[in-house]
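A quick write-up on the structure given underneath.
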Amino acid sequence: MGKTYGKIIGWGAYTPDNIVTNHDMAEEYNTSHDWIVQRTGIAERRFARPGETTRQMAVSAGQKALDTAGISAADLDLIIVTTTSPDFMAPALSSQVQASLGANDVPAFQLMTGCSGFVYSLATAYQFIESGAYGTILVIAAEFMSRYIGSADRSAAILFGDAAGAVVIQATDEPCGLKGFELGSDGSQGHNLVISMGESHEIDEVWPTNGHKYQTHMNGREVFKFATRVVGRSCYKTLMKAGMTLDDIDWILPHQANLRIIQSASREMGIPLEKFLINIERYANTSAASVPLLMVENLENGTIKPSDTVLMVAFGAGLTWGSAIVQLQPS
Ligand code: UT7
């Protein structure tokens, strides 16, 4: 039997219709539109409306991905959902999504690696596809980051937004799919980006939570330094593993955390900024949803062709990072 590959046959995204501009945040967070644009590249973000949930956003993106794939939930063999902002600790968001989509009895699990969650989930999904264990997998990233903003200081509050993105991967014998990936974690730096449950004694030593729930703490400068180190390094490792060069890559899809991080990666890697897809100005940092949202938007507007080869790279809480090269469909 020949090798099994995975092609991306469907995609979909969801963003709340509630647009929050920098001007809207200026007074409450003692900040300004100019500061935010200059330091991050963000002009506006979407916040879920009262009553909206992570589950709804995930289901909406997941259903769109099924629709573009032309399949139904009954055709799925596995659902992976990544989030750092679920509605409940239990049941997992993945099981809630499975029920809402009507994917009866389909296995579903949640994966949490902060903003790197989609790259981790995609690499995981491909292992199931390439081993022959499952034929059709739905991967969803959904984030309700605005639920943590109340406890954040101004440097973190202006950074995040809400969104969901999803893809359907299906087994095929035509060469395409995952060409290489690299995942990593440096837990010793975990204290630099924390959303506490209010009871974490280990973290208390660094960021006192005083028993409050969902305290958000970010040492922005340290995360920034980490990100600029890790992005180029991880991309090159993945290129080497794949036996490819940057000339083989049509688009780089970087995690949308800060425009200056993307600019720095472009300089360090010696790649023109035009090769990096960017939408941070409209959505801010949507954590794990950022890479799939970027991919879906650019597939929908025709910038990414389905036979293109993309290099995704993300980093975030953990601290974690990951990059992956994927040819979405056979050429
Ligand atoms: O998905 C991964 C998650 N996170 C990241 O990737 C975050 C990476 N880090 C960053 O993007 C940047 O570090 C931030 C945008 C968060 C902050 O920008 P920065 O240039 O690193 O600012 P800073 O924290 O070093 O602060 C510089 C100054 C400070 O004032 P003083 O002490 O120099 O007077 C801050 O108080 O900027 C001030 N400041 C602000 N001023 C206006 C911090 N946040 C704001 C703000 N508005 N929102």
Side-chain angles (χ1 to χ4, degrees), residues 20-45 82-85 112-121 141-163 165 183-187 189-196 207 215-232 234 253-265 268 276 278-281 283-294 312-323:
V20 178
T21 66
N22 292 343
H23 297 291
D24 295 334
M25 300 192 86
E27 198 179 339
E28 188 177 350
Y29 291 98
N30 184 25
T31 183
S32 68
H33 172 74
D34 289 348
W35 191 96
I36 300 172
V37 170
Q38 279 164 17
R39 305 306 293 168
T40 70
I42 297 164
E44 59 189 40
R45 73 284 290 140
T82 184
T83 185
T84 310
S85 45
M112 189 185 281
T113 51
C115 302
S116 312
F118 183 74
V119 178
Y120 266 76
S121 298
E143 297 284 18
F144 192 150
M145 297 305 287
S146 63
R147 77 170 18 128
Y148 301 133
I149 281 175
S151 65
D153 70 18
R154 61 181 178 171
S155 73
I158 52 95
L159 214 55
F160 294 103
D162 302 336
L183 306 174
S185 165
D186 179 2
Q189 289 202 59
H191 56 276
N192 286 321
L193 183 41
V194 170
I195 300 168
S196 80
W207 305 106
Q215 286 284 300
T216 306
H217 297 287
M218 188 178 70
N219 188 338
R221 222 169 250 190
E222 285 303 315
V223 179
F224 193 99
K225 280 196 274 182
F226 162 80
T228 50
R229 267 200 314 272
V230 92
V231 167
S234 185
L253 276 58
H255 173 42
Q256 307 287 298
N258 186 322
L259 181 59
R260 290 188 295 131
I261 294 174
I262 301 170
Q263 288 167 333
S264 147
E268 192 197 315
F276 292 77
I278 296 170
N279 66 4
I280 191 170
E281 68 283 0
Y283 300 114
N285 177 348
T286 58
S287 187
S290 124
V291 168
L293 175 63
L294 185 69
M312 310 170 193
V313 58
F315 53 86
L319 299 178
T320 58
W321 67 90
S323 61

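Atoms within a ligand are numbered from 1 in the order they appear, just like the ligands themselves.
- The line from NE2 of His255 to SG of Cys115 is 3.5 Å long, rounded to the nearest 0.5 Å.
- Under the side-chain hydrogen bond (donor to acceptor under 3.5 Å, both in side chains) criterion, Thr31 pairs with no residue, sequence neighbours left out.
- Residues forming a salt bridge (Lys or Arg N to Asp or Glu O under 4.0 Å) with Arg39 (at least two apart in sequence, or on another chain): none.
- Rounding to the nearest 0.5 Å gives a distance of 12.0 Å between OG of Ser287 and CG of Leu293.
- Listed as neighbours of ligand 1 are Thr31, Trp35, Arg39, Thr40, Cys115, Arg154, Ser155, Ile158, Leu159, Leu193, Met218, Gly220, Arg221, Val223, Phe224, His255, Ala257, Asn258, Arg260, Ile261, Asn285, Phe315, each bearing a heavy atom under 4.0 Å from the ligand.
- In this structure, the side chain to side chain contact (heavy atoms under 4.5 Å, CB included) partners of Glu44, at least two apart in sequence or on a different chain, are Ile19, Thr21, Arg282.
- A distance-only check finds no donor-acceptor pair linking the side chain of Ser234 to the backbone of Val230 [under 3.5 Å].
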